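Keep in mind the model is a prediction, meaning the values are calculated, not measured. Chain A is the first sequence line, chain B the second, and so forth, proteins listed ahead of strands; every chain is numbered from 1.
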Amino acid sequence: GNSVTQMEGPVTLSEEAFLTINCTYTATGYPSLFWYVQYPGEGLQLLLKATKADDKGSNKGFEATYRKETTSFHLEKGSVQVSDSAVYFCALRGDYGGSQGNLIFGKGTKLSVKP
Amino acid sequence: DSGVTQTPKHLITATGQRVTLRCSPRSGDLSVYWYQQSLDQGLQFLIQYYNGEERAKGNILERFSAQQFPDLHSELNLSSLELGDSALYFCASSLQERRDTIYFGEGSWLTVV
């Protein structure tokens with residue numbers, strides 16, 4: 001079945017450092033890919049998405065490119081801020097199959113950014 | 001603000017009890033999803049409804065049930081509660097059944113004591 005694997009945290013960076021959180025997936029067909037973010041004590045917010053191969057999603061300085069050849073959707077940001085401290089979830093939504101409607105999440109990566 | 005509204009935000013109840021969590025989807029969204037987030041299990045998909053009909057089931061226990069009403073709001077009923085049911089329960093909604101973006105509410109924190 002479909003699955004998502006993302007790098008385990010926690011990840012601790014200094015302010016203005018470069019961020020990469022790796023995410024790979026297993027899916028049949030052509031899923032849509034998402035990154036969600038959960039700030040402390042809050043719900044899940046959509047950060048960015050890509051719906052087809054080679055699409056680049058971007059938002060708030062974060063970027064991720066849908067790479068079908070490597071089945072990856074790595075999250076990057078050139079210069080992180082303390083306010084980026086949160087848990088980041090990679091997710092996919094399949095395009096066919098019995099459970100195609102729901103999101104399948106990775107385990108989440110906790111990011112802490114120190115001033 | 002995603003537009004998905006969940007009540008209550010926090011709930012403390014005793015083992016063996018029953019609770020109902022309520023969700024109002026974003027205006028116009030037809031599909032509703034329920035997820036459970038716990039420390040040991042991560043984010044688990046429970047169930048999806050589309051325009052009042054059940055569309056997909058995930059790891060939902062038999063003690064749990066849900067429904068989507070004609071006005072599209074949804075309720076998740078949790079009964080015979082156990083300590084292990086303590087978790088953050090998210091409702092989410094989307095316009096379509098597949099592929100488009102799913103938006104999440106802020107969740108309902110359930111603590112079973």
Side-chain angles (χ1 to χ4, degrees), chain A residues 1-10 23 27-53 55 57-59 64 66 73 86-110, chain B residues 1-7 9-10 21 23 25-26 29-51 53-60 66 68 74 87-109:
Chain A
N2 295 347
S3 66
V4 174
T5 302
Q6 64 181 100
M7 64 186 283
E8 304 224 356
C23 171
T28 48
Y30 300 90
S32 297
L33 301 174
F34 304 83
W35 278 99
Y36 284 83
V37 59
Q38 186 174 26
Y39 297 101
E42 297 186 13
L44 286 166
Q45 299 177 25
L46 175 70
L47 182 58
L48 53 83
K49 68 176 183 180
T51 58
K52 60 183 188 296
D55 266 3
S58 60
N59 185 27
Y66 187 166
F73 193 54
V87 181
Y88 293 81
F89 292 91
C90 184
L92 74 79
R93 195 174 184 196
D95 65 348
Y96 71 89
S99 297
Q100 65 188 90
N102 61 291
L103 285 164
I104 296 170
F105 286 92
K107 291 185 184 299
T109 303
K110 183 175 182 179
Chain B
D1 181 5
S2 67
V4 180
T5 304
Q6 290 186 246
T7 57
K9 291 196 183 327
H10 299 275
L21 308 180
C23 170
R26 292 189 322 151
D29 282 359
L30 299 176
S31 201
V32 169
Y33 313 78
W34 286 97
Y35 285 81
Q36 180 194 57
Q37 185 180 33
S38 59
L39 281 175
D40 54 344
Q41 296 289 328
L43 272 160
Q44 298 277 319
F45 166 67
L46 296 179
I47 198 163
Q48 177 198 2
Y49 284 85
Y50 179 78
N51 205 18
E53 294 187 4
E54 183 183 304
R55 275 292 191 258
K57 258 185 174 179
N59 299 321
I60 187 166
Q68 186 180 27
S74 178
L88 180 57
Y89 291 84
F90 284 113
C91 175
S93 73
S94 66
L95 176 61
Q96 301 173 33
E97 284 188 77
R98 65 201 70 171
R99 290 193 69 82
D100 68 333
T101 300
I102 296 177
Y103 294 91
F104 285 76
E106 295 195 353
S108 293
W109 281 98

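To the nearest 0.5 Å, atom CD1 of residue A/I104 and atom CZ of residue B/F45 are 9.5 Å apart.
For the pair A/N102 and B/Q48, the tightest heavy-atom approach, listed with the atom from each and the gap, is N-OE1, 4.2 Å. Shown here for B/T101 and A/R93, the closest heavy-atom pair between the two residues is N-NH1, 4.3 Å.
Taking B/Q37 as the reference, A/Q38 meet the side-chain hydrogen bond (donor to acceptor under 3.5 Å, both in side chains) condition, with sequence neighbours excluded.
Test B/Y35, B/F90, B/F104 against A/Y36 for ring-ring contact (aromatic ring centres under 6.0 Å, His included) and you get one pass: B/F104.
Counting non-hydrogen atoms of other residues, nucleotides and ligands closer than 6.0 Å to CD of A/E42 gives a total above 12.
Interface residue A/L44: backbone and side-chain heavy atoms are both found under 4.5 Å from chain B. Within the 4.5 angstrom heavy-atom criterion, only side-chain atoms of B/L88, from C-beta onward, approach chain A.
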